[in-house]
Amino acid sequence: MSTGIDRPLTKRLEATRSLRSLIKGYYEELFRAADEGRPSAWLNVGVPCEFFYAMDIFPFYPENYGAACGALKITPQLSAVAEAHGFSADLCSYVRATLGTVFSGEGPYGELPKPTLQVSSMNSCIMIMVWWRAVQRHWDVPTFVVDTPLVREQSEGINLDYVESEVRRMVAWIEEQTGRTLDMERLREVVRLSNEGKVLWSEVLDLRRARPCPITAADIFTHMFPMVALRGTPQYVTHLRALRDEIKQRVDEGFAAVEGERYRLLWDNLPPWFDLKLFEDLAGRGVNFVIDTYTQAWGPRYMGPIDEADPVRSFAAYMGAGFLNVQIGRRYDLLAELVRLYDVDGIVFHSDRSCKPFSLVQVELRKRLQEDLGVPGLLLEGDHNDPTLLDRGRAWSQLESFLEMLDARRT
Amino acid sequence: MIRGDHETPAAARVGSMGSAHSSSGAAALERLRGVGSDPLAELAAIKERTGLMAVGYFDSYLPEELIMAHGLAPYRITVSGREDVRSSEFIQGYACPAARDLLEQSLRGDLALLDGVLFTRYCDSLRGVFAVWDSEKLSPFVDLVRYPTVVDTPGAVTYLAKELQEVSDRMARALDAPLDERTLLDSIVACDRKRALVAELAARRASRELPLSGADYLAVLVAATTMLPDDFTATLSTLLEHPPAGEPGDAVPVVLSGTTFDNIALATAIEAAGLYVAADDLSSGSRWYGVRVGASLATGAAGAQVGDEEKSAGTFTDPWEALAYAYLSRPPCSVKEPSWPRADHLVSMVRASRAEGVVFYLTKYCDSEQVEWPFLRDRLEREGIPVVMVEGDQKGEGSGALSTRLEAFREQFELGGELS
Ligand code: SF4
Ligand code: SF4
C-alpha cells in the first residue's frame, strides 16, 4: 500500500520505509509460492493467519488487497468489470475491486495467482461469505466457512464449544486439502511471536494517548498491514518493535504529529483508503484523530494474547467474539472508554456505504454517546474504497461546521 | 420493443364468483385474503380472543414452535410496504428497505401488540435493525438467537438445538411463560400440518388444478405465519376441499424468486403485466413450507436411544434436535452456507410448475441476493429458462418501470410463440 506516505504537512515515520519493504516482500512471496507450487489460502481478516503460517500455507487477505486498490484509486475501474459480470454496484467496494481483478486479471500487482483454498469466517459480515462464494464459483477453488454465530458480548458456553469445533473442523479440512498436518508445537511458536507483536501493537495504541499525539490516523492505518497479514512471523515482531520505539521516542521528545494540536478526535470505522490525505488536510486545521475504533480490532480488547497451552480454544474465543461479531453494547463501551482514555473532543462516524456491520449502528451510537457523555459526533457519509461515494466538498464543509461547533463549546 | 396490440393475458382469477358448492371455499379465501392484507389486525384479534402474549420474528429460519411451546402466539413480522422515513433517525438509508420497513413499523407503534421479538443473524441489514431495536428497547423482550450460518453439519444441529433451549429459558423468565414439553410436541405437529397444507396448495397450483392467483397465494403465505396454526389449517383445508371456481387464465406462468416477499400489491402488479406466479422460490414460501420437524423425530421419542448414524440420517429423539435439523435442512437462503442447493430448488420449482420463466425480485441493498443473482442467472440460462431480474424496495405497487420491464419479459414469450 502506498498511501499516507507522501505527506508534506506531517512528518513521515521512519518505520514507513521498512513497512514498504515488508509489503513488497509479502507480495513477492505470494507470487513465489504460486510459481513453486506451494499452497496459498485466501482468508478474511477474521481467520487467524497463525494457523496458516504454522502449516506453511501462504495467507493472503483480499481485504488488504482491496485497500491497496483503494489507495491507488482504481476501485471504480475494477468495479466496472465486476458490474459487467452482473455484480451490483451496491456491493462492498472491497468485493467489487477484488472481483474486478479476479475476472480481468488487472490490478496493482497484475493477475493474482489462484489460491489453493479459501477460508472465511462469519465474524465480520455476510458479504465475506458471498464474496468468497463468487470467487469459488469463478475459479472452482475449494472453500470453507468457519461458522461463528453472532454473539452479544463474548463467545462462551455452548457458543464457544461450537466455534471451537468449527476451528477444529477447519484445521481437519485444510489438512485434507493440502496433505499437511498442523504441528501444535509449531503453532505454539507462531503464537508466541504473534502475542509478542500484539503487546507491541497495544503499546503503540497506548502511546497515542500522549498530548500532543505523536502520530496521525494516516500513520496508524498505514501500519495496520503487519497486524492483518504477518502475525506470527519474525519480521512482524521486528517491525512492530521499531515502530513502537520510534513512536515512544517521539512521545519522549514531546513531538506533535499535528502542529498546534487543537482538536483531538476519534475516527470510527474504516478510513477512506483512497483519501488518507483527508487526515493531512485536517491536520492543517489543527485536527488529529488520536484514536480510532478500527485498529482496536487487533488491540487487546478484541484480540488479546492467545493461550499457548490451548491455542485452538483460545483462537475460537477470539474468533467467536471478533470486533464485528459482537453487538452494539460493546461498541458503545469501547467508544466511551476511548473517549475517556484519549481525552477526545468529538467523534467522526465515517458512515461507510460499503460496510453495513460497521456502519449500521452508528446513528444510534452517536445519539447515545451524545446523550450520555455529552461527546459530540458527526456522521460523515462516504466509503472506504470507492472514491465515487465520497463527496469531498460536502464532507469538508460538514467537518468545518463540526469544528466550529467544537469551538463554540469551548467558549 | 415491439408490442402487439392484443390484450394483456389474464392471470388466474378465482373467488367471489364461485358456485354455491364452493361458497365455503370462497369464504375461506376471503378470510385468508383479509389476513394477508392486514396481518396486524389478525394479531390484534388473536390477542383479544385468546389473551395470549405474542412474540414476533422476522425470518423463517426461526422455529415458531419454540414460541408456541411457551403458550405464546408466534407472529412473523411481514414487510408492510408502506412509505415511511422514520427509520432514518436510527439507521442509514443503505440498510435494505425491507429491514428498514420492519423498524419503521415498530417506530410507528404498529408492533405495540408484541410482547417480545426474536432476531436471528439473518443478514447484515437485519443485524443493524437488531442493534437499534435492542438499544432502544423497542419491545418489552428482545433476544438474539445465535443462529448458525453453516447449515449442513451435525455440529450446527447439535449447537442450534442447545441454543434454542437457552433462548427458551430466557424467554420463559422474561415473559413468565414457562416451557411446556407437551405443547412443544403439539406445536411441532400443528406447524407441520399447516406447512403440509401450504405445500399441497402449492402443488395444486403448480398443476393448475387450483388456479389461485399469485397474489392470493402470497396472502395465504402471510396468513400461514400470522393466524394461529389450527385456525389457519382449518381455513386452508376448507379452501382446498371446496376450491372456488375459476379459470387458470392464459398468462405466462413464472416462478417468483427472492428473499421474503410479503407485498401482495406488488405481486398483483407483477401479474397485471400478464404473468402468472405459478410457484415460488421465496424464503417465506417454498423454501419454508417443506420443513417437517415430525419427520425427524423418532417414533416413541421420549427415552428412545438414537445413534449417530440415525442422527446423520436425520432422525432424533430430542425434539430440539429435530427442530434444529428440520430448519437447517430446508432449501437454503443465500445468507446460508452452502447455498448451491437453492439453485437446484429453483430449477425444480420451475419444472414442477411448468413455469416458462423466472422473475427474480432483488431487494435493493440485499448483499447476499446481489451476489447470488449472477449465479442463478447463469444456471437458469444453462437450463434454458428465461429470467428477468427486477430490483425494488418492496414498497407499494412497484413502479411504472417495473411494469414495463415485466411486460417486455412477457412479450418475449409471445414473440417466441409466434416465431415457433
Ligand atoms: S462489508 Fe465491511 S467487514 Fe465486510 S468485507 Fe466489506 S468492509 Fe469488510
Ligand atoms: S431483503 Fe435481503 S437484506 Fe433485506 S432483510 Fe431480506 S435478506 Fe436482509
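Every chain is numbered from 1 and lettered A, B, ... according to where its sequence line falls, protein lines coming before strand lines. Just so you know, these numbers use all the heavy atoms, side chains as well, and skip hydrogens, waters and symmetry mates. Every value quoted in this text rests on a predicted model; they were computed, and no experiment measured them.
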Item checked: Atom group of B/Thr120 that falls short of 4.5 Å from chain A, counting heavy atoms -> neither
Next item on the list: Give, as side chain, backbone, both or neither, the part of A/Leu379 having an atom under 4.5 angstrom from any heavy atom of chain B.
Entry: side chain
Check: Is it the side chain or the backbone of B/Asp143 that comes within 4.5 Å of chain A heavy atoms, both, or neither?
Finding: both
Check: Non-hydrogen atoms of chain B under 4.5 Å away: do they reach the side chain of A/Thr143, the backbone, both or neither?
Finding: neither
Check: Looking only at heavy atoms, which of residues 322-333 of chain B get nearer than 4.5 Å to chain A?
Finding: none
Item checked: chain B contacts, top residue of A/Arg353, A/Gln362, A/Gln327, A/Arg368 (heavy-atom pairs, under 4.5 Å) -> A/Arg353
Note to self: Please identify, among B/Asp367, B/Thr153, B/Val335, the residue contributing the most non-hydrogen atom pairs under 4.5 Å to chain A.
What the structure shows: B/Asp367
Checklist line | Heavy-atom proximity to chain A below 4.5 Å, by part of B/Asp134 | finding: side chain
Next item on the list: Of all the heavy-atom pairs spanning A/Val363 and B/Glu89, show the shortest one and how long it is.
Entry: CG1-O, 3.3 Å
Item checked: Closest-packed option against chain B by number of heavy-atom pairs under 4.5 Å, given A/Val146, A/Ile328, A/Ile158 -> A/Ile158
Margin query: As an exercise, state the distance from CG of A/Asp90 to SG of B/Cys96, rounded to the nearest 0.5 Å.
Written below: 11.5 Å
Item checked: Contacts with chain B made by residues 117-135 of chain A (heavy-atom distance under 4.5 Å), listed by residue number -> A/Met122, A/Ser124, A/Cys125, A/Ile126, A/Met127, A/Met129, A/Val130, A/Arg133, A/Ala134
Notebook entry, point to check: Taking C-beta and beyond as the side chain, do B/Tyr94 and A/Ser351 meet within less than 4.5 Å on heavy atoms?
Noted result: yes
Item checked: Any residue of residues 126-133 of chain B which, by heavy atoms, sits under 4.5 Å from chain A -> B/Arg127, B/Gly128, B/Phe130, B/Ala131, B/Val132
Notebook entry, point to check: Which atoms of A/Asp352 come close to chain B, meaning under 4.5 Å heavy atom to heavy atom: side chain ones, backbone ones, both, or neither?
Noted result: backbone
Notebook entry, point to check: Heavy-atom distance under 4.5 Å to chain B: side chain of A/Arg331, backbone, both or neither?
Noted result: neither
Next item on the list: Check the pair B/Tyr365 / A/Ser88 against side-chain hydrogen bond (donor to acceptor under 3.5 Å, both in side chains), numbers first and verdict last.
Entry: CA-CA 9 Å; B/Tyr365 299 126; A/Ser88 168; over 6 Å; no
Checklist line | Residue-level contacts of residues 158-165 of chain B with chain A, using a heavy-atom cutoff under 4.5 Å | finding: B/Tyr159, B/Lys162, B/Glu163
Notebook entry, point to check: What is the distance from atom CZ of B/Arg146 to atom CG of A/Asn325, rounded to the nearest 0.5 Å?
Noted result: 11.0 Å
Margin query: Heavy-atom count check: over 12 atoms from other residues, nucleotides or ligands less than 6.0 Å from A/Arg394 CZ?
Written below: no
Next item on the list: In sequence, state the C-alpha distance, the side-chain angles, and the governing distance for B/Phe90 and A/Lys367, and then conclude on side chain to side chain contact (heavy atoms under 4.5 Å, CB included).
Entry: CA-CA 9 Å; B/Phe90 296 88; A/Lys367 186 163 81 81; 4.0 Å; yes
Note to self: Tell me if a side-chain donor or acceptor on B/Asp124 pairs with a main-chain N or O of A/Lys356 at a distance below 3.5 Å.
What the structure shows: no
Note to self: Under 4.5 Å from any heavy atom of chain A, what part of B/Tyr147 do you find: side chain, backbone, both or neither?
What the structure shows: backbone
Item checked: Heavy-atom pair count under 4.5 Å with chain A, highest-scoring of B/Gly155, B/Ser339, B/Cys123, B/Ser88 -> B/Ser339
Note to self: Atom CG of residue position A/Asp372 - does it have more than 12 heavy atoms of other residues, nucleotides or ligands inside 6.0 Å?
What the structure shows: yes
Next item on the list: Answer yes or no: does atom CH2 of A/Trp139 have more than 12 heavy-atom neighbours from other residues, nucleotides or ligands under 6.0 Å?
Entry: yes
Notebook entry, point to check: When only pairs under 4.5 Å are counted, which of B/Glu136, B/Lys364, B/Arg377 shares the most heavy-atom pairs with chain A?
Noted result: B/Glu136
Next item on the list: Examine whether an atom of A/Glu364 lies under 4.5 Å from a heavy atom of chain B, and if so say whether it belongs to the side chain, the backbone or both; otherwise answer neither.
Entry: both
Next item on the list: Go through B/Glu337, B/Met389, B/Glu166, B/Glu391 and name the one with the most non-hydrogen pairs under 4.5 angstrom from chain A.
Entry: B/Glu337
Check: Would you find a donor on one side and an acceptor on the other, under 3.5 Å apart, between the side chain of B/Gln92 and the backbone of A/Ser359?
Finding: yes
Next item on the list: Identify the heavy atoms of A/Leu360 and B/Ile91 that sit nearest to each other, and give their distance.
Entry: O-CG1, 3.7 Å
Next item on the list: Tell me, for A/Ser165 versus chain B, whether the close heavy atoms (under 4.5 Å) come from the side chain, the backbone, both or neither.
Entry: neither
Next item on the list: Quick one: closest heavy-atom pair of A/Gly86 and B/Pro374, and the distance?
Entry: O-CG, 3.5 Å
Margin query: With a 4.0 Å cut-off on N to O distance, would you call A/Arg137 and B/Glu372 a salt bridge?
Written below: yes
